[in-house]
Number of protein chains: 2
Amino acid sequence: MRRPTIADIARQAGVSKGAVSYALNGRPGVSEATRARILAIAHEIGWQPNSAARALNGARAEAVGLALCRPARFLGMEPFFMELISGIESELAARSCALMLQVVRDHETEMAVYRRWWGEGRVDGAILVDLHVDDPRVPEMRALGMPVVVIGHPSAAGSLVPVWSDDGAAVRETVEYLAALGHRRIARVAGLPRLVHTVIRDRAFEEVCSALDLAESGTMHTDYTGEEGARATRRLLSSPRRPTAIVYDNDIMAVAGLSVAQEMRLDVPADLSIVAWDDSPLSQVVRPPLTALSRDISAYGAHAARRLLALIDGADPGPLEDEAARLTPRGSTAPPSRP
Amino acid sequence: MRRPTIADIARQAGVSKGAVSYALNGRPGVSEATRARILAIAHEIGWQPNSAARALNGARAEAVGLALCRPARFLGMEPFFMELISGIESELAARSCALMLQVVRDHETEMAVYRRWWGEGRVDGAILVDLHVDDPRVPEMRALGMPVVVIGHPSAAGSLVPVWSDDGAAVRETVEYLAALGHRRIARVAGLPRLVHTVIRDRAFEEVCSALDLAESGTMHTDYTGEEGARATRRLLSSPRRPTAIVYDNDIMAVAGLSVAQEMRLDVPADLSIVAWDDSPLSQVVRPPLTALSRDISAYGAHAARRLLALIDGADPGPLEDEAARLTPRGSTAPPSRP
DNA sequence: TCTCGGTACTTATCCGGTTCAGCTCGCGGT
DNA sequence: ACCGCGAGCTGAACCGGATAAGTACCGAGA
């Protein structure tokens, strides 16, 4: 049972392939009567345009690509990516545009996938995430000539269109808030040091700490997993002059850190204040609920998707600075009991 | 800057398109010297086969489809789907097969998307989830003739290949465990009543309760959200003869239920035992950590993906019963203090 | 020397659409 | 009665590959 083609419709309607094409695409060149007849036949035999044939004539793929470079099994654990994807989807779905998703091992494979998708005409554009310092993907994407939106700071996006939020401001707000509560020793459990946004947060943290004269504050880098977050917390809390507040770069580590603190019989927030970056159900269900840097990640993804669609449409959307994360105080932060 | 085609390679190499095609596909018909020359040129000018042109000749799309029928913003909150997707991805990635993801409003749109993808030759197969009772998608998919793997019980999968786990056994194990602890009034906060697996769990729950003579047990249906889970819990715990144990159909509701119990100054597990369906970081970080029905959702997705790939390859994989969820006792279950 | 067989190609056709250059009407104007 | 014009349609080329069929050439065997 072969798929019906316009040739089948043409035969049944007693007209040529060309006429059928005009009719189905709502272009002039056929009478209304013929058009109606052709549409009826097309509907009746369940015709669907073959995207391959369309694409061959230079049409859109109506899909955008997202290759994620991380172990597939971590994906489900990262609320950030899942919310980002759902935000992207919400925007794409409205335009019946699909998302091509592929999890890859490393950045070389990632670029190979993009190159293939683009070369094969399977996607109209892509969204680049997890920007590194001096990321080779930026110039490579540029060279490919594919429409790309980068989720990350403009300073690293080269000539690609960036969508970002001001992490520096969020870091400053958090540290100033903790300092106002009376904290003097604030630690930061950060993510991968080679990621651009980690570097930005690192720098902002250092600056605000030195501005507020918080000499004993410092940053530890991890891989974002709960395990490393727990380990870092254990080390921090074991030191003689342990911090009275810890700021985590994601919610998974913050929650893991909370568990460690409770294991070590420290009271949160009396003995230790905790701030999580990125709000998620996770940060809200633990006791105490975590003070978090919340932002609408979904909207973030939606903005990136919308900009990408504009780019694909030939527009020239400028960079977009999304809202910075807002500090949402909950039960995990308080003045230190013994500063 | 046009994309290079085999015609460009042919011109540079001074041979015909046909020879280039043979060379690039590793088929006999060209000398090794010519083949090497052609491959070198192809590599040099960065040639990629145009998938549209390939597809036109009946080749694979090298992508499988997944249309999810739910609000996009809920996606990020559902650990189940995210883990399922990462499991699917892990299997697909190994074969360089992409996942076409689209979030849709309703089942009609979902079928329209599948029909389009299949008709357009953009996917080689699909994975069907969230099976309903008398799901019209099953016969429609069958009629399409597209390779499809259903995640759900065989009784509802018609002639499509099912991948499922025995929810009935898990329900029985849970109720028997709670009864053994001394619980007599066990409530169940279930998911959407029209979903096949809800019906299966409902029936198993009813059967085991009547077998164990737990007359005061019952099921409340919700939409899986934390809000409804909390509401159901509030109603259950407000009743004069409140249950001493509640089994939730997902982790989000279980965590919400835990919060409600704590709000109402009930001690978990002394006053109320809680069991969550599906284990996730969420169930492990709350205090007390939740006893959960854990299963490897990632593997579940991977199995479905593998079967789909086999189906696409023309094999005839039988149904696959995956492992049933195992009861993982944690701190949220104990004998009732006042039965 | 002629044929046979195989290698190394070329040529032509096909896939299913889009698009464009004609072609054929019927009709209005003169 | 004839021309011009445009609506409505046809036929064919084209997109970029895969592939079946055909051809040129070379060396071995009769």
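Excluded from the calculations below are hydrogen atoms, water molecules and symmetry mates; all remaining heavy atoms, backbone and side chain alike, are included. We name chains A, B, ... by the order of the sequence lines, and we start the count at 1 in each one.
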Practice item. Considering just the side-chain nitrogens and oxygens of R27(B), establish if one lies under 4.0 Å of OP1 or OP2 belonging to dA18(D). Key: no
Practice problem: State whether the distance check finds a donor on one side and an acceptor on the other, under 3.5 Å, for side chain K17(A) versus base dG11(D). | Solution: no
- Decide yes or no for R115(A) and E140(A): does some side-chain heavy atom of the first lie under 4.5 Å from some side-chain heavy atom of the second? yes
- Query: Taking 4.0 angstrom as the limit, do R194(B) and D130(B) come out as a salt bridge?
  - Reply: no
Between E62(B) and R95(B), does any side-chain N to carboxylate O distance fall below 4.0 Å? no
Comparing V30(B) with Q48(A), nearest DNA chain C nucleotide closer to 5' gives the residue V30(B)
When rounded to whole Å, the CD1 to C1' distance for the pair I38(B) and dG17(D) reads 14 Å
Notebook entry, point to check: Is there a donor N/O on one and an acceptor N/O on the other, under 3.5 Å, for the side chain of Y22(B) and the base of dA20(D)?
Noted result: yes
Less than 4.5 Å apart, any side-chain heavy atom of T5(A) and any of N50(A)? no
Side-chain contact check for A53(B): nearest option of dC9(C), dT18(C), dG17(D) is dG17(D)
L24(B) atom CG is separated from dC9(C) atom P, nearest whole Å, by 14 Å
Query raised in the report: Has N57(A) got a side-chain N or O lying under 4.0 Å from the OP1 or OP2 atom of dT19(C)?
Result: no
Examine dG16(D): is either OP1 or OP2 under 4.0 Å from a nitrogen or oxygen in the side chain of S21(B)? Give yes or no. no
Would you say W47(B) reaches dG17(D)'s phosphate, i.e. side-chain N/O to OP1/OP2 under 4.0 Å? yes
Whole-Å distance, I9(B) CD1 to dC9(C) C1', equals 17 Å
Categorize E32(A) for me: base, sugar-phosphate, or nothing, with a 4.0 angstrom heavy-atom threshold over every strand shown.
nothing
Within the pair S16(B) and dT10(C), is there a side-chain N or O less than 4.0 Å away from OP1 or OP2? yes
ask   = Going by an N to O cut-off under 4.0 Å, is there a salt bridge joining K17(A) and D8(A)?
value = no
note: I6(B), atom CD1; dC15(D), atom C1'; distance rounded to Å ~ 12 Å
Does a nitrogen or oxygen in the side chain of R54(A) sit under 4.0 Å from OP1 or OP2 of dG16(C)? no
| said: Under 4.0 Å, heavy atoms only, any strand: does V20(B) hit a base, just the sugar-phosphate, or nothing? | reply: nothing
Taken to the nearest whole Å, CG/N50(A) to P/dT18(C) is 10 Å
Identify whether any heavy atom of S31(A) sits under 4.0 Å from a base atom; if not, whether one sits that close to sugar-phosphate; answer base, sugar-phosphate or nothing. sugar-phosphate
